[in-house]
Amino acid sequence: MPMPPSTPPVSYRLIQGADLWTDQGQQHGQAVVIRKGRILAVGPVEVLAKAHPQAQRVELPGGTLLPGFIEGHAHVGGLGALSRKADLTGPADLPGTLERIRTWAAAHPKGWLLGRGWDQNRWPGKAFPRAADLDAIAGSRPAFLQRVDGHAAWVNSAALALAGIGPKTPDPEGGRILKDASGQPTGILLDGAVQLVEKLIPEPGPAELEARLKAGLTALRADGFTAVADMGVGARELAAYRRLAAAGALPIRVFAYMNHDHALMLRELRQGRAKSLSFFQVQGVKFYLDGALGSRGARLLAPYADEPTTRGLWVTDPAKVALDVSITLRAGFQPAIHAIGDAANRAALDLIAQAMKKGRGALPPRIEHAQIVTTEDAARFGKLGVVASVQPVHCTSDHSWTPARLGPDRVSEAFPWRTLANGGALLAFGSDAPVEDPNPFVSLAAAETRQDPAGDPPGGFLPAQRLTRAEALRAYTSGNAAALGHAKDLGTLQKGAVADLLWVQVPLGSLTPEALRKVKPARLWVNGVEVPLGH
């Protein structure tokens, strides 16, 4: 029996039955009309029903309809590649982590032994692992295991030998090779030193790159995201994105920030930035000033309290970043500067202020993470018009060891969201996936409680810095849209905006934080078309 012809998606709908969540809060008795991928009208149900009698009715059984979430900071290819590596998140000690590695190695006996997600701060003693720990499992097979934040790698003796790393190997620019008392490399590489081994791993082919990107985007869509800022994309990934976009194969919208490769940057900047909204566009350049706090690579103004011999790293010379930030702004693109430590955030603000004297540019500069910021510098974000692109789950993941890194006199600088907001900074939320779980509802609960899912610490970590639920939702929707320069198109339920919509079956305004963490997306529309939520 022949199958009936498929029915094209209806582009003219009236969606009713749920409360609407807007920047003004929860709205009752309202509906949305969408047509040809845009929001045609928002208003009282009875008024819209009378004005649009031909629109197909979509009746939602309560719950909340809100703009699709925008992931403000993720690494899409890395998220999509997780299934191709050993997942090392979760084990509470080194033996448990080694067992994960042993199991993955047995199931994947050929090629490099790859993994990601270990975190020594969660283990007893909090000591970095060593190459010798891996040698018993991997033997002559090279192993490369990224720390949860991506700013450190744990490698075995075979990988060290392949890279020619020995006692006399100097630290590369912007990185450290950790060595023991005898001068032997321990197997831990920080920031710029990671590339010494990573560059030896065979690169994925074009089809594999496309598969990773699609897998990452599909995973984000399943969490309720309709757009993503992909932070740090190389030339080959840009080409893969363009192939997918040309084929109409992108599951959600992508704003790509290219790696700080000077030649790549100049080549892309010469093409000019697309002003109109599309499913893929090159948005700006991702710069790195420092490393991560967990591996003591974040650059601090004073030495680490738990390692007084270091203040962290300059991953890139600030003078070099300053020059290219200025070029990026003048070309109409958006600089996004990774800055975690208080010294790095001060340097980022200083070089942005200097660059903006030559012109503010078409898009606001961004500082990614803004984790440790002095009160004085937090006030400069709003004054300069710099976006504070923050990831709430970093606070709740790192709260247990952050005080040890900073000491009692500086810990108040950590994750200063309320100070940033009160100073007029535009907050844009993300997760830094695959560093953290991209689930936006977990991040929303983290923003308003500053507690992890177990309820620690009691009362929240520096609770005066908490945000309200409305502020947190805004940072995941209209805040990200404004940061991307698309305040009228994205992240809002208003006439003329694109019809990127998310429906959840619960009243978002009245849930406890514990219940909020458990919310799952129920229905999603991208560009006016309902899309599947499964991975």
Side-chain angles (χ1 to χ4, degrees), residues 70-80 203-204 206 209-210 212-214 216-217 220 225-288 316 320-321 323-338 352 355 359-368 386-387 389 428 430 432-433 480-491 498 500 526-527:
I70 301 169
E71 168 56 80
H73 182 120
H75 306 279
V76 175
L79 181 61
E203 290 188 340
L209 264 182
E210 291 179 23
R212 291 182 184 187
L213 293 174
K214 284 187 69 174
L217 295 172
L220 290 171
F225 292 105
T226 53
V228 58
D230 192 350
M231 286 290 167
V233 177
R236 296 178 71 247
E237 283 186 307
L238 283 177
Y241 267 133
R242 285 177 169 133
R243 291 192 299 271
L244 290 169
L250 290 174
I252 62 175
R253 303 176 196 277
V254 177
F255 296 84
Y257 292 76
M258 68 191 104
N259 290 330
H260 183 201
D261 174 302
H262 192 72
L264 171 65
M265 185 187 92
L266 293 181
R267 185 166 68 246
E268 289 291 333
L269 296 186
R270 279 195 292 267
Q271 297 183 36
R273 185 180 65 86
K275 304 299 190 297
S276 59
L277 184 65
S278 61
F279 258 70
F280 173 74
Q281 55 199 86
V282 177
Q283 178 80 358
V285 183
K286 170 71 179 299
F287 299 92
Y288 279 94
T316 315
K320 185 177 180 181
V321 173
L323 175 64
D324 284 349
V325 162
S326 183
I327 293 171
T328 301
L329 275 174
R330 291 202 304 272
F333 286 75
Q334 190 169 39
I337 306 171
H338 168 113
I352 286 171
R360 298 188 71 86
L363 295 167
R366 302 166 56 119
I367 292 181
E368 305 302 314
V386 175
V387 175
S389 171
D432 205 11
N480 267 319
L484 293 168
H486 287 285
K488 294 182 179 179
D489 288 318
L490 295 174
V498 296
D500 290 354
V526 178
N527 219 40

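The distance from the CD1 atom of Ile367 to the CD1 atom of Ile352 is 4.5 Å, given to the nearest 0.5 Å. Rounding to the nearest 0.5 Å gives a distance of 11.5 Å between CG of Asp324 and CG of Leu329. Between the CD1 atom in Ile337 and the OG1 atom in Thr316 there is a gap of 10.5 Å [rounded to 0.5 Å]. Rounding to the nearest 0.5 Å gives a distance of 10.5 Å between NZ of Lys286 and OH of Tyr257. Between atom CG of residue Asn480 and atom CG of residue Leu490 there is a gap of 9.5 Å, rounded to the nearest 0.5 Å. How far CG of Leu484 is from CD of Gln281: 8.0 Å, rounded to the nearest 0.5 Å.
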- Item | Verdict with supporting geometry, Leu244 and Leu217, side chain to side chain contact (heavy atoms under 4.5 Å, CB included) | CA-CA 12 Å; Leu244 290 169; Leu217 295 172; 5.5 Å; no
- Task: Output, in order, the C-alpha distance, side-chain angles, deciding distance and verdict of side chain to side chain contact (heavy atoms under 4.5 Å, CB included) for Leu269 and Phe333.
- Result: CA-CA 7 Å; Leu269 296 186; Phe333 286 75; 3.3 Å; yes
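Remark: the backbone N or O of Val526 is not paired with any side-chain donor or acceptor of Thr226 at under 3.5 angstrom. The backbone N or O of Ala229 sits nowhere less than 3.5 Å from a side-chain atom of His73 that would complete a donor-acceptor pair. Asn259 places a side-chain N or O within 3.5 Å of a backbone atom of Val233 that can act as its donor or acceptor partner.
Evaluated for a side-chain contact (heavy atoms from CB on, under 4.5 Å) with Arg253, the options Leu277, Ile70, Val228 yield exactly one hit, Leu277.
Sequence neighbours left out, the pairs with a member in residues 231-244 that pass side chain to side chain donor-acceptor pair (under 3.5 Å) are Glu210-Arg243, Asp230-Tyr241, Arg242-Glu268.
Qualifying side-chain contact (heavy atoms from CB on, under 4.5 Å) partners for Leu323, counting only residues two or more places apart in sequence or in other chains: Ile327. Among residues two or more places apart in sequence or in another chain, the side chain to side chain donor-acceptor pair (under 3.5 Å) test is passed with Arg273 by none. Partners of His260 according to the ring pair (Phe, Tyr, Trp, His ring centres under 6.0 Å) rule, which considers only residues two or more places apart in sequence or in another chain, are Phe287. Scanning for side chain to side chain donor-acceptor pair (under 3.5 Å) contacts around Ser389 gives Arg366, Glu368, with sequence neighbours left out. Partners of Glu71 under the side chain to side chain donor-acceptor pair (under 3.5 Å) rule, at least two apart in sequence or in another chain, are Ser431.
In this structure, the side chains of Leu213 and Val254 stay at 4.5 Å or more apart for every pair of heavy atoms.
Closest heavy-atom contact between Leu363 and Gly485: CD2-CA, 3.7 Å. Of all non-hydrogen atoms in Val325 and Ala355, the two that sit nearest each other are CG1-CB, 4.2 Å. The nearest pair of heavy atoms linking Gly216 to Leu79 is O-CD2, 3.6 Å. When all heavy atoms are compared, the tightest approach of Gly77 to Arg212 is O-CB, 4.1 Å. Minimum heavy-atom separation, Ala487 to Ala482: CB-CA, 4.1 Å. The shortest non-hydrogen separation linking Ala483 to Ala428 is CB-CB, 4.1 Å.
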